[in-house]
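Let me begin by presenting the structure, written as C-alpha cells, before commenting on it.
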Amino acid sequence: VRRRPPWAGLVTVAFAAAALVSAASSARVVVPHLDSLREQYGPLEPASREEAIVTSLGFDAQMWERLSRSVREGDRYNVVADVPYQHEIRNYAAYALLPAIQVADPEDASVVVYWQEDPPAGADCTGIGDGVCVLRRQS
Amino acid sequence: VSGPVAVLAIVALLTLCGLGALAVLGVATSPAELVRRAGQAPLAGMAWAGIVAATLATAGSRLGLGGLAVLTVATCAGGAVRLVRGSAPAPSERRSVGLLDVAVSVAAVVVLAVVVAVAAATLRVLPLVEYDAWAVWGMKARTIAVLGAADPDVFASDAYARLHIEYPLLLPSLHALPLQAADGFSSNTVILSCLAVGLAGLLGLWALFRDRVRPVLLLPAVAMIAAAPAFFGQLGNGYADVPLAVFVACGLGAAGRWLVDRDTSWLALATLFLSAAVLTKNEGLLFAAAVYVSLLVGARGRRRAVGVATLACGVLFAPWRATSLSTTWERPTTTCPRRSTCLSSSAASIVLRSPRRASSTRRSYPGSSGCSSRSGSPRPRWRSSSLRALSPCSPRGSGCSRSPG
C-alpha cells in the first residue's frame, strides 16, 4: 500500500476549505438572483409567462395571438417585411407558428404575412394588427 | 399531464434506461454494484437515449414515448443478461471517516441542497426568454415534438438557416420527449428538461468519483460547481452549454478512471458521454478530440482500446455529420436592412433598443426603429443579452454566424 505524503492532509484541508468558501460565496450571489427571477415570473399565469418573448421583442402579444390562429398546421407561410427588425419577426414566427412551416420564397407559401408592407393590389389580405395582414392563397 | 410531471416521468424512464446501459457497458457487474453506481444512471440514460433519439431524428423519424419505452426495456434486458453472466465485483473499499470528513461533507451538502432547492423552485416558473434559447433550442425541440422528426422542410430550409440549424439534435430530441408527453406546449418544459440534465450531471459526477475520492474533497467540489453563477443561470436560460459541460465532465472523469483502474468499462462509459457531447453542440467535437488525443498519449500499451473508442464515437457522430455536410443553407448575409444606420457588429452588440418606445420610420408601427443607439432605454434587470439580440444590427438578428448558447 502506497503511503500518503505527510503534506497530503494539509492539501486536502486547504482544498476542502477553498471549495467550501467558493461554494458558499457563489451561493450568496446565485440565490438572490434566482429569488428575483422567481418573484418576477412566479406570480404570473402560465399564459402570461409565455408572452415574455413577445414582450422582450417589443411585439404586440394580441397581434401574435391572432397571427397564430390565422396560420394553421399544414400551412406554409412567408413573412414579407422590410423593417429593421425583420429577422426578429421571422425568427419568432419560426418558433411560435409551429407546426406551420416557414418558407423563404412567397411563391412557395400558402399563407403570406405582410408586415408593414402593402399586399398586392386587390388581394383579400385580412388585417390582424396595425399594418400587418395575412393573405391566404387559394390552393 | 403538466410539463413538470412529464419531465419527471421521462427522467424516471431515462434513469431506468441508464441503469440498463451501465450494466450493458459493464460499469456494474452485479446488482449490488449497480445500486452503488446508480447515481450515474440518469445521465447515462440521457446520453444513450439522446444519441438514439438524435440519430432517429436525423434519419427522419423520432424516438417518441413508445420508442423510449422499447429502448428502455431492450437496454434493461441486455443489462440483466450481463448482470447474470457477470462476475462478482471486488468488494468496495471502506474508509475510516473522521470528524473533518463529516463536518465538511455536511456543510457542502447544506450549500448544495439550498442552491438546488432555490434553483428548482425558480426554474419551475421560468419561460424561455433568451433569444438563442427559443430561436435555436426551443424551436428545434418544438419542431421534433410536433412534426415528428428533423423535418427537412425546417432543418434543410433556407428560411430557418438563421436559427443555427447546423447544430446537432441530441438536446432538442431529449427536450421533445416531455413536450410530446405534456398537454399543450409550455416553454418551461424545455427549461425543466435542461434542469434535469444539469442535476443528472451533478449526480453523475458524484457517483463517478464517490469510491475513489474522499467526501471531504468530492462534495465541496460538486457544491462549488452547482453554486457557480453560470450553472443554474445557463440552465434557466435553456442554453445547451451546461448539458454539454456535464457530458464532457463525466466523459473526462470516466476516461480518467479508465487510466487509473484499467477497467475497459470506464472507457466505454467515457465514449457514451463523449458521443453525447459531440451530438449536443458542435464544440463537443473539440472536447472529445482533446480527450481521445490525451488518452492516446497517456495510455501506453492500451492504445488499441482508445482507437476503438474513438471509432465508436465517430460512428455515432457520423449520421449527423453526413446530414449536415450534405445540406447547404443560403444564409442571409446582410447585416442591416436598407434605410437604417448600420453599425459594425461589435458596435451593434452594445446597442440598446426599447421597441415599445421606438418611433416609426415608415409607418406608425411599434418597434419600427433604425439601428441608432438608444442608450437611455429602460433595461430589464433580468436580461442583458436579450437586449443585444434586439439590436436591429445584431449578429443574431441579422443571421450572422455565431455560436449559440
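Proteins get letters first, then strands, A, B, ... in listed order; numbering begins at 1 in each.
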Exercise. Counting heavy-atom pairs under 4.5 Å to chain A, which of B/Leu112, B/Leu219, B/Val104, B/Asp151 comes out on top?
Worked result: B/Val104
Exercise. Any side-chain heavy atom of A/Val80 sitting closer than 4.5 Å to one from A/Trp115?
Worked result: no
For this session: Taking atom CG of A/Asp105 as the centre, report whether more than 12 heavy atoms of other residues, nucleotides or ligands fall under 6.0 Å from it.
Result: yes
For this session: Determine yes or no for a side-chain-to-main-chain donor-acceptor pair under 3.5 angstrom, with A/Gln102 supplying the side chain and A/Arg90 the backbone.
Result: yes
Problem set entry | Option in A/Val30, A/Val13, A/Leu34, A/Val29 with maximal non-hydrogen atom pairs under 4.5 Å from chain B | A/Leu34
For this session: Please look at A/Ala14 and chain B and tell me whether the side chain, the backbone, both or neither of the residue comes under 4.5 angstrom of a heavy atom of that chain.
Result: neither
For this session: Heavy-atom pairs under 4.5 Å with chain B are the metric here; pick the option from A/Val31, A/Val79, A/Val21, A/Asn78 that has the most.
Result: A/Val31
Problem set entry | Part of A/Arg76 within contact of chain B (heavy atom distance under 4.5 Å) | side chain
Seminar exercise, completed: chain B shares the most heavy-atom pairs under 4.5 Å, among A/Thr12, A/Leu44, A/Val103, with A/Thr12
Exercise. Which one, A/Ala24, A/Ser25, A/Pro46, A/Ala96, leads in non-hydrogen pairs under 4.5 Å with chain B?
Worked result: A/Ala96
For this session: Report the C-alpha distance between A/Glu65 and A/Arg69 in whole Å, list the side-chain angles of each, state the deciding distance to 0.1 Å, and finish with yes or no for salt bridge (Lys or Arg N to Asp or Glu O under 4.0 Å).
Result: CA-CA 6 Å; A/Glu65 178 63 32; A/Arg69 282 200 301 268; 3.3 Å; yes
Problem set entry | Side-chain heavy atoms of B/Ser187 within contact of A/Glu50, under 4.5 Å | yes
